[in-house]
Amino acid sequence: TSWFKELPFTEWFRFIRDSPYLQDRSIAVPVLHYLSKQYKNLNTVHRSQVVSVLANLKCIPTQYEEAGRCMGYPRDTYFMEVSLFEDLPRVSGELKGVHKQFLQDLGVREQPDIKLV
């Protein structure tokens with residue numbers, strides 16, 4: 001038998017949420033893919049924890065390459081389909097395959113506020 005065992009989700013997420021890595025694009029992309037796949041199987045408490053942590057981090061990779069704009073808060077980021085304004089930060093193509101409902105629950109927007117228009 002192996003002396004390795006799978007780390008329970010709660011312990012893994014505690015490590016991830018307490019580290020600065022989620023704001024690093026190279027880490028955030030695979031973590032968001034993993035969380036998206038696990039999200040529908042999480043209980044309500046764990047879902048709430050994931051949303052409350054990620055909603056307040058610049059953890060969404062955007063279409064921008066330059067430092068300072070390449071990662072955005074979910075509430076400030078829009079789905080790729082939103083093309084009303086060119087300068088809106090939109091979810092990077094790297095997140096193709098991440099469930100839309102997961103991103104929506106984090107706060108990614110489908111349309112700009114009417115005040116912006």
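Here the structure is a predicted model, which means the values were calculated and not measured.
Remark: Ser92 engages Arg25, Glu94 in a side chain to side chain donor-acceptor pair (under 3.5 Å) (not counting sequence neighbours). Not counting sequence neighbours, the partners of Asp24 by the side chain to side chain donor-acceptor pair (under 3.5 Å) test are Ser26. Remark: Tyr64 pairs with Arg69 by the side chain to side chain donor-acceptor pair (under 3.5 Å) rule, at least two apart or across chains. Remark: Ile16 pairs with Trp12, Leu22, Val31 by the side-chain contact (heavy atoms from CB on, under 4.5 Å) rule, at least two apart or across chains. Evaluation of the salt bridge (Lys or Arg N to Asp or Glu O under 4.0 Å) rule for Arg109 yields Asp113 as partners, not counting sequence neighbours. In terms of the ring-ring contact (aromatic ring centres under 6.0 Å, His included) criterion, Tyr73 has no residue partners (sequence neighbours excluded). Partners of Pro20 according to the side-chain contact (heavy atoms from CB on, under 4.5 Å) rule, which considers only residues two or more places apart in sequence or in another chain, do not exist here. Not counting sequence neighbours, the partners of Glu110 by the side-chain contact (heavy atoms from CB on, under 4.5 Å) test are Phe79, Lys100, Gln104. Residues satisfying the side-chain contact (heavy atoms from CB on, under 4.5 Å) test with Glu6, not counting sequence neighbours, are none.
Sorted by first and then second residue, the salt bridge (charged side-chain N to carboxylate O under 4.0 Å, His left out) pairs involving residues 31-52 (not counting sequence neighbours) form an empty list. Listed by first then second residue, pairs satisfying side chain to side chain donor-acceptor pair (under 3.5 Å) with a partner in residues 49-59 number zero, not counting sequence neighbours.
The backbone N or O of Cys59 lies less than 3.5 Å from no partner atom in the side chain of Gln23, so there is not a single donor-acceptor pair.
Taking every heavy atom of both residues into account, Val51 and Leu106 meet most closely at CA-CD2, 3.9 Å. Smallest separation of non-hydrogen atoms from Met71 and Pro61: SD-CA, 3.7 Å.
Counting heavy atoms from C-beta outward, Phe9 and Val50 have side chains that approach closer than 4.5 Å. Counting heavy atoms from C-beta outward, Tyr34 and Val98 have side chains that stay 4.5 Å or more apart. Side-chain contact between Ile60 and Asp76 is absent, with no heavy-atom pair separated by less than 4.5 Å.
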